[in-house]
Every structure is written in structure tokens, then in C-alpha cells.
Amino acid sequence: GGAGFIGSNVVAHLIELGYTVDIEDDFSSGSWRNIVKENALLVFDPDYEIYDVIVHLASTTDTSQDNQKMIIKNNVSHFQKVIDYKKGLKKFYYHPLVIYASSASVYGKRLLDSPAMKENDDLNPDTTYAFTKFHMEKLAEDEGRRYKGKVVGLRFFNVFGKNERGKGKSASMITQIYDQIEENGIVKLFKGGRQMRDFVHVNDVSYLITSIMFEHLKDKKKKFQPIYNVGSGESISFNDLVKLIGKGRKFEPVIEYKNSIVPWFQDFTKADINKAKEDFNWSPQFTLEEKILKYIDSLKGQRVKNILNVT
């Protein structure tokens with residue numbers, strides 16, 4: 001997934017730090033434009049034993065997608081191949097660290113203003129996408145328990161930032177709201193607009209991934225937690241998000257509310273990020289408001305290709 005949204009940002013960050021990076025991607029949602037300026041090699045069917053770290057970010061990311069055969073194949077079976085390669089390397093003295101993408105969707109629905117979500121909370125996946133991430137965690141857990149493999153999962157909350165437009169309708173609410181404001185000044189939200197989300201900038205995600213890698217490379221026998229939340233630790237309502245983006249555009253948008261809401265829609269997400277803070281001395285840089293305003297400023301002048309309702 002190195003040509004995708006998060007992957008391309010991780011690639012750029014690692015190359016900036018002087019690391020050698022190979023990219024594997026089927027370009028189903030990634031784009032060569034995301035990596036054309038990076039000094040990285042595109043590989044197919046790579047020899048995994050030559051790597052110190054494998055970062056698996058490839059995924060079908062449409063949370064509303066319910067084509068079970070397709071999404072389970074794309075998310076679960078492809079991750080299984082990475083795990084199987086890792087098992088096959090046990091004959092070697094050393095085998096690579098695997099870092100993979102899970103999702104806050106595994107927590108399921110929560111009431112507004114619930115406590116922050118912790119890694120050891122009960123999980124309640126209620127979409128096919130959430131099930132695939134839930135099952136990936138089970139595969140990783142089995143690898144760690146039975147084979148003592150070093151596999152670290154990251155439960156991403158709502159990630160936003162550079163290169164996310166390639167996600168189409170799965171782009172962050174921030175980008176979708178911005179596009180609607182730019183199109184006609186009208187934003188469509190689910191009823192009430194009080195639903196809340198934890199948004200985290202892709203740069204902060206990249207910093208955490210590289211921090212985990214550095215800790216591993218310093219001490220390859222060091223143990224990590226099997227799963228970490230990756231969010232900002234802050235939550236903002238859709239109504240307040242529209243106001244904030246309007247503030248950044250110096251424009252007061254009109255909000256139209258839909259009466260319906262899909263059954264699986266999460267009303268509330270907020271990450272408890274204490275584990276990542278304690279283990280890697282990591283925390284998001286700048287406030288959520290600062291990051292959002294800076295991001296939408298970077299979007300100014302971009303051509304809006306498809307206007308998407310916030311769902």
C-alpha cells in the first residue's frame with residue numbers, strides 16, 4: 001500500500017530520513033502520482049526476508065462496502081499472505097517486524113460523549129469492513145502467541161492530510177465538507193450534525209510508524225503491545241467541523257440535515273492514545289484545530305472533481 005494515502009506519506013518520511021524503501025502496491029486505490037517524486041523502488045512479489053520492517057497498509061477502505069467476497073479477499077487474505085511469509089522465515093535467525101493497519105471501526109457504535117476508546121475495550125464490528133480489521137487483529141494475535149512473531153497493529157481513527165483525494169468517497173469528512181463548501185456553500189450532514197469524530201493528521205501517523213520502526217531497529221528483541229490506538233485524543237462534532245472549515249475559508253456555509261442515518265454509522269469516536277505516548281514518546285503535534293486549518297489552507301485552489309455528501 002505504499003502508493004496509497006497513508007503509505008505514500010510514510011514512504012516520503014522514511015526517504016527524508018535516509019532509509020531505503022521498496023513499495024508494493026496493486027494501484028487499485030493508490031496512485032503513481034503519490035510516489036513519482038520519491039526515490040523508492042516499486043516491487044512485485046518481493047522477497048520478504050531481505051527487509052527489516054514490513055508496513056502493511058493496503059486495504060479496501062470504503063466502510064460502507066458490503067461486497068463480502070471482495071473486501072475479505074482484499075483485506076484479510078492479503079494480510080494472511082504477509083503473515084504466512086513471516087512464518088516461513090522462522091528458519092532464519094532474524095525475521096522482520098510487521099506493522100499493519102487496523103481501524104477504529106472495530107469498536108462499533110458508541111453513545112455521544114462516551115469515554116475515550118481504549119485498546120482493551122470490548123469490540124463490536126458491525127460492518128464487513130470492520131469485521132475484516134477485527135479478523136486481521138485475530139490473525140496477528142495468533143501469530144504473536146503461537147510463533148512469537150513481532151506484529152504491531154495500529155487502530156487508525158479518522159486520518160486526513162496530503163494525498164487523501166485518491167480515496168474518493170472514503171476521503172475524510174474534512175475533505176468532503178471542504179469540497180461541498182467550495183462547490184456551492186451548502187454542506188449536507190446526517191440529522192442534527194452532532195456526531196463526533198477523532199481526526200488525526202497523516203504526518204502524526206507517519207511519525208508514529210517510524211517511531212515504532214526506530215525502537216525495533218535499536219533493539220530487535222524488544223517487545224511491543226499488539227495494538228495501539230492512533231488518533232488525536234480529541235473529538236469534534238460535524239457541526240463544529242463545518243464552522244471551523246468555514247472559518248478557515250472566511251465563509252459561513254449553510255448546513256442541510258438529512259433525516260435518515262445508516263444503521264452502522266458511528267455516532268462517536270475518540271481515541272485513548274496513552275499506550276502510544278508511553279511506549280514511543282509520541283503524541284500529535286499541534287492542536288486538532290491548528291492541523292485542520294493548515295490542511296484546508298493547502299487545499300485552496302485545488303480543482304474539486306467530485307462533490308461528495310458527508311456520510
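Computed from a prediction, not measured in an experiment: that's the story for all the values here.
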Checklist entry - Within a radius of less than 6.0 Å around NZ of Lys109, do more than 12 heavy atoms belonging to other residues, nucleotides or ligands occur? => result yes
Checklist entry - With Phe280, which of Phe224, Phe214, Tyr207 fulfils ring-ring contact (aromatic ring centres under 6.0 Å, His included)? => result Phe224
Checklist entry - Given the rule in the side-chain contact (heavy atoms from CB on, under 4.5 Å) test, do Tyr100 and Val82 qualify, once you have shown the distances and angles that lead to the verdict? => result CA-CA 10 Å; Tyr100 71 95; Val82 175; over 6 Å; no
Next on the checklist: Looking at Ile15, is its backbone amide N or carbonyl O close enough to the side chain of Glu38 to form a donor-acceptor pair, meaning the two atoms are under 3.5 Å apart?
Outcome noted: no
Next on the checklist: For a side-chain contact (heavy atoms from CB on, under 4.5 Å) check, start with the C-alpha distance between Lys275 and Lys118, then their side-chain angles and the critical distance, and finish with the verdict.
Outcome noted: CA-CA 9 Å; Lys275 277 190 177 182; Lys118 296 184 177 182; over 6 Å; no
Checklist entry - Quick check: are there more than 12 heavy atoms from other residues, nucleotides or ligands sitting under 6.0 Å from CG of Asp219? => result yes
Next on the checklist: Nearest 0.5 angstrom please: Asn74 CG to Asp26 CG, how far?
Outcome noted: 7.5 Å
Item to check | Mutual orientation of the aromatic rings belonging to Phe131 and Phe134 [parallel < 30°, tilted 30-60°, perpendicular > 60°] | outcome: tilted
Checklist entry - Looking only at heavy atoms, what is the nearest atom pair of Trp282 and Lys277, with distance? => result O-CG, 3.0 Å
Next on the checklist: Can you give me the closest heavy-atom contact between Leu288 and Phe199, atom names plus distance?
Outcome noted: CD1-O, 3.2 Å
Checklist outcome for this item: Heavy-atom closest pair (Ala3 atom, Phe27 atom, distance to 0.1 Å) is CB-CE2, 3.6 Å
Checklist entry - Do Ser59 and Lys133 meet the criterion of a side-chain donor-acceptor pair at a distance under 3.5 Å? => result yes
Next on the checklist: Using 0.5 Å steps for rounding, measure from the CD atom of Gln80 to the CD atom of Glu143.
Outcome noted: 9.5 Å
Next on the checklist: If you apply the rule salt bridge (charged side-chain N to carboxylate O under 4.0 Å, His left out), what do you find for Asp121 with Arg110, and how did you get there?
Outcome noted: CA-CA 12 Å; Asp121 284 355; Arg110 296 286 179 92; 3.4 Å; yes
Item to check | Parallel, tilted or perpendicular: rings of Phe79 and His56 (30°, 60°) | outcome: tilted
Next on the checklist: Tell me whether Arg165 forms a cation-pi arrangement with Tyr178, defined as NZ or CZ under 6.0 Å from the six-membered ring centre and within 45 degrees of its axis.
Outcome noted: no
Next on the checklist: Could you see if Met196 belongs to whatever hydrophobic cluster contains Ile174? Use Ile, Leu, Val, Met, Phe, Trp, Tyr and a side-chain cutoff under 4.5 Å.
Outcome noted: no
Checklist entry - How far apart are the C-alpha atoms of Glu252 and Lys243, what are their side-chain angles, what is the distance that settles it, and do they pass the salt bridge (charged side-chain N to carboxylate O under 4.0 Å, His left out) test? => result CA-CA 7 Å; Glu252 187 172 343; Lys243 292 176 183 176; over 6 Å; no
Next on the checklist: What verdict does the side-chain contact (heavy atoms from CB on, under 4.5 Å) test give for Val202 and Glu164, after you've listed the backbone C-alpha separation in whole Å, the side-chain angles of each residue and the deciding distance to 0.1 Å?
Outcome noted: CA-CA 9 Å; Val202 70; Glu164 70 164 296; over 6 Å; no
Item to check | Test side-chain contact (heavy atoms from CB on, under 4.5 Å) applied to Tyr107 and Asp122, step by step | outcome: CA-CA 7 Å; Tyr107 289 112; Asp122 291 338; over 6 Å; no
Item to check | Arg194, CZ: over 12 other non-hydrogen atoms inside 6.0 angstrom | outcome: no
Next on the checklist: Is a donor from one side chain sitting under 3.5 angstrom from an acceptor on the other, for Asp198 and Thr269?
Outcome noted: no
Item to check | CA sep, side-chain torsions, deciding dist, call: Lys270, Asp113, salt bridge (charged side-chain N to carboxylate O under 4.0 Å, His left out) | outcome: CA-CA 9 Å; Lys270 182 179 180 180; Asp113 295 319; over 6 Å; no
Item to check | Between Tyr257 and Asn239, a side-chain donor and acceptor under 3.5 Å | outcome: yes
Checklist entry - Is the closest side-chain donor-acceptor distance between Ser237 and Gln195 under 3.5 Å? => result no
Next on the checklist: How about CZ on Phe251, more than 12 heavy atoms from neighbouring residues, nucleotides or ligands closer than 6.0 Å, or not?
Outcome noted: yes
Checklist entry - Quick one: is the NZ or CZ of Lys258 closer than 6.0 Å to the six-membered ring centre of Phe190, and within 45° of its axis? => result yes
Checklist entry - Has Gln225 got more than 12 heavy atoms of other residues, nucleotides or ligands less than 6.0 Å from its CD? => result yes
Next on the checklist: Could you see if Ile255 belongs to whatever hydrophobic cluster contains Phe265? Use Ile, Leu, Val, Met, Phe, Trp, Tyr and a side-chain cutoff under 4.5 Å.
Outcome noted: yes
Checklist entry - Counting only N and O atoms by type, is there a donor-acceptor contact under 3.5 Å from the side chain of Lys291 to the main-chain atoms of Gln285? => result yes
Checklist entry - Between the side chains of Glu290 and Thr287, is a donor N or O closer than 3.5 angstrom to an acceptor N or O? => result yes
Item to check | No-hydrogen, no-angle side-chain donor-acceptor test under 3.5 Å, Tyr295 and Thr175 | outcome: yes
Next on the checklist: Restricting to non-hydrogen atoms, name the atom on Gly193 and the atom on Leu189 that form the minimum distance, rounded to 0.1 Å.
Outcome noted: CA-CD1, 4.1 Å
Checklist entry - Does any donor atom in the side chain of Tyr129 or Asn75 lie under 3.5 Å from an acceptor atom in the other side chain? => result no
Next on the checklist: Would the distance check show the side chain of Asp272 and the main-chain N or O of Gly233 forming a donor-acceptor pair, the cut-off being under 3.5 Å?
Outcome noted: no
Item to check | From CD (Gln180) to CE (Met173), nearest 0.5 Å | outcome: 10.5 Å
Checklist entry - Would Glu119 and Arg155 count as a salt bridge (charged side-chain N to carboxylate O under 4.0 Å, His left out) if you check the C-alpha gap in whole Å, the side-chain angles of each, and the deciding distance to 0.1 Å? => result CA-CA 9 Å; Glu119 289 89 345; Arg155 284 184 190 149; over 6 Å; no
Checklist entry - Of the non-hydrogen atoms in Ile273 and Asn229, which two are nearest, and what is the gap between them? => result CG2-O, 4.0 Å
Checklist entry - Distance only, no hydrogens: is a donor on one side chain within 3.5 Å (strictly under) of an acceptor on the other, for Thr128 and Gln68? => result no
Checklist outcome for this item: Distance col, row Gln176:CD vs Ile245:CD1, nearest 0.5 angstrom, shows 10.5 Å
Checklist outcome for this item: Here the pair of heavy atoms bringing Gly2 nearest to Ile35 is O-CG2, 3.5 Å
Next on the checklist: Side chains of His216 and Lys150: any donor to acceptor distance under 3.5 Å?
Outcome noted: yes
Next on the checklist: The test is side chain to side chain donor-acceptor pair (under 3.5 Å); show your working for Asn163 and Ser8 and say whether it passes.
Outcome noted: CA-CA 8 Å; Asn163 293 344; Ser8 61; 2.9 Å; yes
